[in-house]
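Take a look at the structure set out below.
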Number of protein chains: 2
Amino acid sequence: MPEQLKKVFPSFSNELIQDIKANEVIKDFSAGEIIMRTGQYIKNTILVLKGAIKVYREDDDGGEFFMYYLQPGQACALSMVCATKNEKSQIMAKVVDDAEVVMVPLSLMDKWMMQHRSWYEFVVGTYRNRFEEVLEVIDSIAFRAMDERLEFYLKRQVEATGSKELKLSHQEIGSDLNTSREVISRLLKKMEQRGLVVLHRNQIEILM
Amino acid sequence: MPEQLKKVFPSFSNELIQDIKANEVIKDFSAGEIIMRTGQYIKNTILVLKGAIKVYREDDDGGEFFMYYLQPGQACALSMVCATKNEKSQIMAKVVDDAEVVMVPLSLMDKWMMQHRSWYEFVVGTYRNRFEEVLEVIDSIAFRAMDERLEFYLKRQVEATGSKELKLSHQEIGSDLNTSREVISRLLKKMEQRGLVVLHRNQIEILM
DNA sequence: TTCAAAAAGTGACAAAAGTTACAGTCCGCC
DNA sequence: GGCGGACTGTAACTTTTGTCACTTTTTGAA
């Protein structure tokens, strides 16, 4: 297990790995499970060892808006700055590929920040990367119309999954982008006509 | 001057204040000036002593999308995690009320994080607050139509300026929300009819 | 094999937002 | 007091997006 940690988080120092090992709880989640709900109290920082997790922002009427993926080697930025306070989660995290995650008690965060240079750098880097990713999401919704937002969304899925065969239904894309299935179907058809994608049932082949 | 720092940043320890004092450069900016441009290299962390600064996200075609205010006692979150790397600014910051800011060289960031508990807590808190604010901005554009986005925008202006008399033209609101002046005029008129605002030239009186 | 549910295609229409065009109003300045 | 520029109001129109209704296709389970 420490070998796996070291492999997935190569920047961590050996002492840090030891410390994590001494305090870790490893949990398995299967696809479809919800790791964290909006409003729930955050007690742990989450480090992803395996699988894929989609992070959403929710509104009051049940809408879900996709923000980013958590992949192996990454961590939930928000859970890292909740400090000791009784902070509630501002996001919802859903497992899409069977996942294995390390849960680190929040109480250790501050200590490790001071003790472990590699942890400090990881946290700061995580924060910066997430912030920048969220800014790009803002760009797409603030400046772009739905057709471009869809392209942006598909490109991110390709990046995140490392595959050009996306296993997604029009319905799922629609709810990730907070629009309707019909709109997505319409736009995908146009993209197919432009030669950017090939459509199959439950699968989209990206040619871009 | 150290008194002013202590007053505006009451959580800072005396040692931290001394350290800042030893390294600070204080700069004045007048309304309309741009403190930071998109793509510019970040060399300093910015602490606001006085005035008001609006932070924008820009797109390639000259569009500007308002994200949040920087007020006295606050700092630019993004400039705090740029670390030593040659990071480029992802945002644009425009002074709207004559401002006085402390510029702290980025090179000191890491050191202070380790040395000064109160700096560490300030940075982490800044990060959390900005992230949460940005998430709310995402909510407004992802889930809400323009009429509700406008209300959200006006409420934030009231909060930020501490006044219910907003000195804003329809044009400025339109470009902050990345829409046209006409749309804003239309929606404001409707809000006036609903009794939520009173419209004047270059000024909106908020009754909510 | 059949049947129900999920997925996808599509036309028709409604609503929201963006665009164009122009008129009226207020303000500071000469 | 008059002039030019910035600000605001508004009608008419287009485009984009959302919604409704219905069909067809595919898949998996009984």
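These numbers come from a predicted model, not from an experiment. For the numbers below, each heavy atom of this structure counts, side chains included, while hydrogens, waters and symmetry mates do not. Residue numbers start from 1 in every chain, and the chains themselves are labelled A, B, ... in the order their sequence lines are given, proteins ahead of strands.
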*Identify, with sequence neighbours excluded, every residue that meets salt bridge (charged side-chain N to carboxylate O under 4.0 Å, His left out) alongside A/E182.*
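Result, salt bridge (charged side-chain N to carboxylate O under 4.0 Å, His left out) vs A/E182: none returned.
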*Describe, as an angle rounded to 10 degrees, how the axis at the first end of the helix from C/dT1-D/dA30 to C/dC30-D/dG1 is tilted relative to the axis at the last end, five pairs per end.*
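Rounded to the nearest 10 degrees, the bend comes out at 30°.
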*A/Q171: what forms a side-chain contact (heavy atoms from CB on, under 4.5 Å) with it, not counting sequence neighbours?*
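Listed in chain order: A/S169, A/S175, A/R181.
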*asked:* Each nucleotide in nucleotides 2-11 of chain C should get exactly one letter: B, S or -. Can you fill that in based on protein heavy atoms under 4.0 Å?
replied: ----BSBBB-
Taking [X] for its side chain and [Y] for its backbone only, find out whether a donor-acceptor pair lies under 3.5 Å.
X	Y	answer
A/N178	B/A142	yes
A/E192	A/L199	yes
A/E33	A/S30	yes

*Determine, step by step, whether A/Q157 and A/Y69 satisfy the side chain to side chain donor-acceptor pair (under 3.5 Å) criterion, reporting the C-alpha distance in whole Å, the side-chain angles of both residues, the deciding distance to 0.1 Å, and the verdict.*
CA-CA 9 Å; A/Q157 303 296 312; A/Y69 272 103; 2.6 Å; yes
*Does NZ in A/K88 sit with more than 12 non-hydrogen atoms of other residues, nucleotides or ligands closer than 6.0 Å?*
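Not more than 12 within 6.0 Å, no.
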*Distance in Å, A/S140 OG paired with B/D59 CG, rounded so as to fall on 0.5 Å steps*: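 So the OG of A/S140 and the CG of B/D59 are separated by 12.0 Å.
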*Using whole Å, report how far CG of B/L187 lies from C1' of D/dG9.*
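Interatomic distance, CG of B/L187 to C1' of D/dG9: 13 Å.
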*Take the protein atom CD1 of B/I184 and the nucleotide atom C1' of D/dC7, then report the distance between them rounded to whole Å.*
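So the CD1-C1' distance, B/I184 to D/dC7, works out to 14 Å.
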*List for me each residue that meets ring-ring contact (aromatic ring centres under 6.0 Å, His included) alongside B/F12, sequence neighbours excluded, and say none if there are none.*
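In terms of ring-ring contact (aromatic ring centres under 6.0 Å, His included), with neighbours along the sequence ignored, B/F12 is linked to B/F9, B/W119, B/F122.
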*Side chains of A/S89 and A/Q40: donor-acceptor distance under 3.5 Å anywhere?*
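A/S89 vs A/Q40: no donor-acceptor pair found between side chains.
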*Listed in order of residue number, which residues of residues 142-155 of chain A have a non-hydrogen atom at under 4.0 Å from DNA chain D?*
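Of all residues in residues 142-155 of chain A, the ones placing a heavy atom under 4.0 Å from DNA chain D are A/A145, A/M146.
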